[in-house]
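Remember, predicted model here, so these are calculated numbers, not experimental data. Keep in mind that the numbers below use all heavy atoms, side chains included, and drop hydrogens, waters and symmetry copies.
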Amino acid sequence: MAEIDDISQAERAYRRLRAEILQGELMPGERLRAAELQDRFQLGLTPIREALMRLSSESLVEAEANRGSRVPDASAAELVDLMSTRRVIERACLAAAIGRGDASWEAEIVASMHLLSRTPLPADPDDRAAATQWEMQHRRFHHALVAACGSEWLLRFWNTLADHSERYRKVRLLHRRETKAEVRDVAAEHQEIMAAVLARDVARAADLMDAHLIATENSVVRLLEKPQ
């Protein structure tokens with residue numbers, strides 16, 4: 001029973017830590033001390049350490065010799081590399097999904113777009129609950145677009161890249177009212193992408209997705225490089 005409980009605790013620790021990193025509760029560069037997390041999460045030290053190791057394998061946590069762990073720093077250079085890679089994978093997933101998708105796939109795209117359009121953006125940087133809710137619906141829409149690609153490996157890579165993109169996009173989402181964020185009509189961009197996908201126009205859908213991802217990347221880079 002003890003072993004089963006430890007596994008359960010490790011999974012809970014992993015999910016909570018992962019969510020806090022992706023949602024911005026734990027900030028880039030923040031130290032992750034196992035004893036402090038144990039007290040805050042009310043979980044055992046071993047499950048906390050297992051969760052940190054698991055997140056380290058996903059590059060969501062950095063382990064430092066003799067210094068414990070920390071949330072990876074956010075950098076413009078890494079973001080550019082990340083988004084360049086994501087665009088390659090996104091194009092492959094999107095083209096395959098458009099070729100394979102059926103009516104159920106189309107219905108999920110339309111439903112997820114409707115929910116996203118009805119989800120309000122956060123009012124200010126402290127409105128993390130609204131940011132999390134919007135991000136969840138945003139992720140659902142983007143996943144719906146590629147879900148019919150037919151490749152578990154492509155979707156695995158897509159999900160990893162989307163996780164790391166989410167960590168960066170939260171910077172812009174929570175500071176979207178700042179001039180440097182250059183907020184666009186993202187809802188209109190999503191509608192255009194959806195229309196191209198449902199029309200089975202691979203070239204237009206891929207180009208619109210590229211432009212969408214590049215615009216977000218540029219906005220976040222400007223925010224990361226602003227004077228502190």
Shortest non-hydrogen separation from Met113 to Ala187 and the atoms involved: CE-O, 4.4 Å
Student check: side-chain heavy atoms of Thr119 and His138 closer than 4.5 Å: no
Heavy-atom side-chain proximity of Trp105 to Ile98 below 4.5 angstrom: yes
Over 12 non-hydrogen atoms of neighbours within 6.0 angstrom of CE in Met136: yes
Chi angles and distances behind the salt bridge (charged side-chain N to carboxylate O under 4.0 Å, His left out) call for Arg54, Glu50: CA-CA 6 Å; Arg54 186 172 168 187; Glu50 289 179 7; over 6 Å; no
Whether Phe157 and Trp153 hold their rings parallel, tilted or perpendicular, with breakpoints at 30° and 60°: tilted
His143 to Asn159 - nearest heavy-atom pair and separation: CD2-OD1, 4.2 Å
Ion pair Glu62/Arg31, N-O distance below 4.0 Å: no
Donor-acceptor under 3.5 Å (Ser219 side chain, Ala215 main chain): yes
Same apolar cluster: Ile193 and Val88, side chain cutoff 4.5 Å: no
Basic-acidic side-chain contact under 4.0 Å: Glu11, Arg15: yes
Under 4.5 Å side-chain linkage, directly or through intermediates, the cluster mates of Leu60: Tyr14, Leu17, Ile21, Leu22, Leu26, Leu32, Leu37, Phe41, Leu43, Ile48, Leu52, Leu55, Val61, Val71
Side chain Trp158, main chain Glu90, donor-acceptor under 3.5 Å: no
Aromatic ring proximity His212/His142, centre distance under 6.0 Å: yes
Arg200 bridged to Glu106 by N-O distance under 4.0 Å: yes
Contacts of Arg204 that satisfy side chain to side chain contact (heavy atoms under 4.5 Å, CB included) - sequence neighbours left out: Glu192, Ala196, Asp201, Leu208
Side chain to side chain contact (heavy atoms under 4.5 Å, CB included) between Cys149 and Arg100, worked out: CA-CA 7 Å; Cys149 74; Arg100 294 172 51 90; 5.8 Å; no
Any donor-acceptor N/O pair, Ser117 side chain to His114 backbone, under 3.5 Å: yes
Arg87 and Glu217 ion-paired at < 4.0 Å: yes
Residue pair Arg86 / Ala162: nearest heavy atoms and the distance that separates them: NH1-CA, 3.9 Å
Straight-line distance of Arg12 CZ to Gln42 CD, nearest 0.5 Å: 11.0 Å
Considering all heavy atoms, the nearest Pro47-Ala13 contact: O-CB, 4.0 Å
Side chain to side chain, Leu116 and His190, heavy atoms closer than 4.5 Å: yes
Check: Met209 and Arg91 side chains under 4.5 Å, non-hydrogen atoms: no
N-O pairing of Arg40 and Glu36 below 4.0 Å: no
Student check: side-chain heavy atoms of Val202 and Leu94 closer than 4.5 Å: no
Same cluster (ILVMFWY, side-chain, under 4.5 Å), Val221 and Ile214: no
Arg70/Glu30 salt bridge by N-O under 4.0 Å criterion: no
Check: Leu79 and Ser75 side chains under 4.5 Å, non-hydrogen atoms: no
Between CD on residue Gln191 and CD on residue Glu189, distance to nearest 0.5 Å: 11.5 Å
Path from Leu82 to Val80 over hydrophobic side-chain contacts below 4.5 Å: yes
Candidate pair Glu135 and Arg167, rule salt bridge (charged side-chain N to carboxylate O under 4.0 Å, His left out), full reasoning: CA-CA 10 Å; Glu135 191 66 60; Arg167 192 168 75 91; over 6 Å; no
Atom of Gly101, atom of Ala148 and distance for their closest heavy-atom approach: CA-CB, 3.7 Å
Validation row: Glu58, Arg18 side chains within 4.5 angstrom (heavy atoms): yes
Atom pair OG/CG of Ser59 and Asp163 - distance to nearest 0.5 Å: 11.0 Å
N/O donor-acceptor pair under 3.5 Å between Arg33 side chain and Gln38 backbone: no
Value rounded to 0.5 Å, distance of OG in Ser104 from CD1 in Ile109: 11.0 Å
Minimum-distance pair of heavy atoms, taken over all atoms of Ala144 and Ser112: CB-OG, 3.7 Å
Distance in Å, Tyr168 OH paired with Leu224 CG, rounded so as to fall on 0.5 Å steps: 7.0 Å
Glu108 CD to Arg140 CZ distance, which is reported to the nearest 0.5 Å: 4.0 Å
